[in-house]
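Reviewing the structure listed below.
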Amino acid sequence: MCPLSFYLNQMKRKVALHTLGCKLNFAETSSIGDDFLKHGFDVVDFNDSADVYVLNTCTVTENAEKECRQIVRRIERKNPDAYIIVTGCYAQLRPGEISSIKGVDAVLGSNEKFQLFSFIKDFEKKDLACIYVNEIKGINEFGIAHSGDADSRTRAYFKIQDGCDYKCSFCTIPLARGISRSMNPEKAVDELKNLVDAGYKEIILTGVNVGDYGNSINYPLIKLLEKFVQVDGDFRIRISSIEPNLLNEEIIDLTSDSEKLCNHFHIPLQSGSPKILKLMQRRYTTSDYQHVIERVKNKIPDAGIGVDVIVGFPGEDENDFMTTYNFLKDLPVSYLHVFTYSERPDTKAISMSGKVDVAERRERNNRLRILGIKKKHEFYKSMIGTDQTVLFESCNDGLIKGFTSNYIRVAHPAKNIFENKLITVRLNSLDGDLCSCNIMDTKNSIDLLAS
């Protein structure tokens, strides 16, 4: 390297990015990182020393907000001269609160984060934090975002939808993200092709309410999925999460018929108690939910099904909790994501009567988590002896691991020649939360071993 190039490289500024919350946030953080790269920055690990730190926040729970404040203080102690930017949902909803945290230099709202360099020019610390947050109401812009591991090119999170028109009584996301809006379908197909051409083998569709894709433009999700599965290439598509009232028979049928759609659905329930479900202002009944699960399993018997559930919602007594517990126990679902209810400002639920003691919330959370572990073990065990397609990831400690189409974690003793390959395997034993397997895709594996 010539002396001038070395000097310029040493002068290149560094940015570190950190994400709190959902996969949608991860996709958007990656796009922010791309913006910094285009402006001549190096993107470094968040634990490394950097000139600029960007924290993309979440406001779904009080813990997420608390973690944001802790991270900012940690950065400020480690590198008091660094320029700290906080953006995302927490920033959109309470910018003044964030700007008062020592060390924060700029607060950007949900829409402004995609125009970061239009607002911030020099990244020089000043006495007061700058706030760039506009009211989210009425915003129709769609910020394109996708993220993936640039080294392994294994999985990419692809944002196709943003915002939400639902009015769940516990949720602040519509306040932070605005109305439901979708990516242009032609642009979405082009972006998918770009991800496939870049070498990604699994594209995970993300959004606030993915199933609501295209509602405002009369282009339903099923039409987009039909376009996606027609794209050439060796890849598969996974839907990150979809509301039960939006998972229709057409989507289930297409998933059953196409190898490019993963046999896996993550379907939020939130409560199995009809009383609590109504208080939450969800758009389905427990009977509706059960019928959706039954339709999936009837059409795709080996489908993996994940469930979101909230415990400790206002008014939930022990009988309501046990109704939820038993409802889930009897459903053929594969795993649970259990959340403890957290009071969120500006939501209807915060003023509801029947507040559940925090200790009781935690105890109920623990009981449902144990049930979730049992459900996962039962599902994994039921798949022993079946053939599944695995996308293998990185190789560590002599094992290469990956997920099947129906979301079973698999390990196999192998060199990294199987990395980022879709391989047919036979599941043969269960060790904790990992299934061992035999390679069945003989032609592919022989070709790999010979190369």
Side-chain angles (χ1 to χ4, degrees), residues 19-25 57-71 89-90 166 168-173 208 240-244 265-282 284 286 289-290 293 304-345 347-380 407 409 432-433:
T19 306
L20 296 172
C22 62
K23 301 304 181 185
L24 175 58
N25 270 7
T57 63
C58 173
T59 189
V60 169
T61 67
E62 184 180 4
N63 284 340
E65 295 179 358
K66 182 180 178 181
E67 187 177 359
C68 167
R69 297 190 293 270
Q70 290 173 338
I71 291 171
C89 294
Y90 183 23
Y166 289 10
C168 300
S169 61
F170 54 83
C171 187
T172 60
I173 298 302
V208 174
S240 59
S241 179
I242 185 166
E243 292 289 308
F265 293 105
H266 192 93
I267 312 170
L269 168 66
Q270 309 308 6
S271 178
S273 162
K275 181 187 87 177
I276 300 302
L277 208 55
K278 187 174 182 180
L279 287 172
M280 289 178 167
Q281 297 182 181
R282 301 291 284 168
Y284 51 87
T286 52
Y289 190 91
Q290 183 173 346
I293 301 300
I305 301 175
V307 182
D308 286 341
V309 59
I310 298 171
V311 297
F313 190 81
E316 181 190 74
D317 57 25
E318 178 65 16
N319 182 63
D320 295 316
F321 171 74
M322 287 308 302
T323 299
T324 296
Y325 185 97
N326 291 325
F327 181 70
L328 288 167
K329 180 171 65 70
D330 294 335
L331 278 181
V333 298
S334 314
Y335 62 92
L336 308 178
H337 283 176
V338 187
F339 300 89
T340 301
Y341 171 73
S342 179
E343 284 83 359
R344 301 285 77 215
T347 61
K348 190 173 181 178
I350 198 170
S351 60
M352 289 181 177
S353 60
K355 184 176 179 179
V356 180
D357 182 76
V358 173
E360 182 63 27
R361 297 182 209 180
R362 291 172 181 160
E363 196 273 336
R364 290 176 187 174
N365 183 301
N366 186 56
R367 278 193 275 170
L368 265 190
R369 284 182 182 272
I370 293 171
L371 176 63
I373 292 170
K374 291 178 180 177
K375 300 290 285 187
K376 184 177 179 180
H377 180 83
E378 289 169 1
F379 177 66
Y380 274 34
Y407 212 58
R409 189 71 162 155
D433 61 353

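These numbers come from a predicted model, not from an experiment.
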Heavy-atom pair of closest approach, residues Val333 and Leu328: CG2-O, 4.3 Å
Kindly compute the distance separating CG (Leu277) from OG1 (Thr323), expressed to the nearest 0.5 Å. 12.0 Å
Asn366 (side chain) donor-acceptor with Arg362 (main chain) under 3.5 angstrom: no
Starting at CD of Gln70, measure out to SG of Cys68 and round the result to the nearest 0.5 Å. 9.5 Å
Is there side-chain contact between Phe321 and Leu368, with at least one heavy-atom pair below 4.5 Å? yes
Main-chain N/O of Leu331 paired to Lys375 side chain as donor or acceptor, under 3.5 Å: yes
Any side-chain heavy-atom pair of Leu269 and Pro244 under 4.5 Å: no
Before accepting this row, confirm whether a basic side-chain N of the pair Arg367/Glu318 lies closer than 4.0 Å to the acidic partner's carboxylate O. yes
Asp433 and Arg409, any side-chain heavy atoms less than 4.5 Å apart: no
Please find the pair of heavy atoms, one from Ser169 and one from Leu279, that lie closest to each other, and give the distance. OG-O, 2.8 Å
Shortest non-hydrogen contact from Gly315 to Lys275? O-NZ, 3.0 Å
d(Thr286 OG1, Ile276 CD1) to nearest 0.5 Å is 12.5 Å
Please report the interatomic distance OG(Ser271) to CD(Glu316), rounded to the nearest 0.5 Å. 6.0 Å
Let me see the working for Tyr335 and His266 under side chain to side chain contact (heavy atoms under 4.5 Å, CB included), right down to the final yes or no. CA-CA 9 Å; Tyr335 62 92; His266 192 93; 3.0 Å; yes
As an exercise, state the distance from CD of Glu363 to CG of Asp357, rounded to the nearest 0.5 Å. 11.0 Å
Under 3.5 Å: donor-acceptor pair, side chain of Arg344, backbone of Thr59: yes
How close do Pro314 and Ala349 get, heavy atom to heavy atom, and via which atoms? CG-O, 3.7 Å
So with a 6.0 Å cut-off around NZ of Lys278, is the heavy-atom count from everything else above 12? no
Evaluate salt bridge (Lys or Arg N to Asp or Glu O under 4.0 Å) for Glu343 paired with Arg361, printing each intermediate quantity in order. CA-CA 12 Å; Glu343 284 83 359; Arg361 297 182 209 180; 2.7 Å; yes
Among Tyr289, Tyr341, Phe170, Phe313, find the residue that satisfies the side chain to side chain contact (heavy atoms under 4.5 Å, CB included) test when tested with Gln270. Phe170
Using the six-membered ring wherever Trp is involved, compare the ring planes of Phe339 and His337 and label them parallel, tilted or perpendicular (cut-offs 30° and 60°). perpendicular
Salt bridge or not between Glu360 and Arg364? Use side-chain N to carboxylate O under 4.0 Å. yes
Met322 CE to Asn319 CG distance, which is reported to the nearest 0.5 Å: 9.0 Å
Under 3.5 Å side-chain donor-acceptor pair for Thr19 and Asn25: no
With sequence neighbours left out, what residues match Ser334 under side chain to side chain donor-acceptor pair (under 3.5 Å)? none
For Cys89 and Ile173, which heavy atoms make the closest approach, and how far apart are they? SG-CD1, 4.4 Å
Nearest non-hydrogen partners of Glu65 and Cys58, listed with the distance: CG-O, 3.9 Å
Does the side chain of Ile71 come within less than 4.5 Å of Leu20's, by heavy atoms? yes
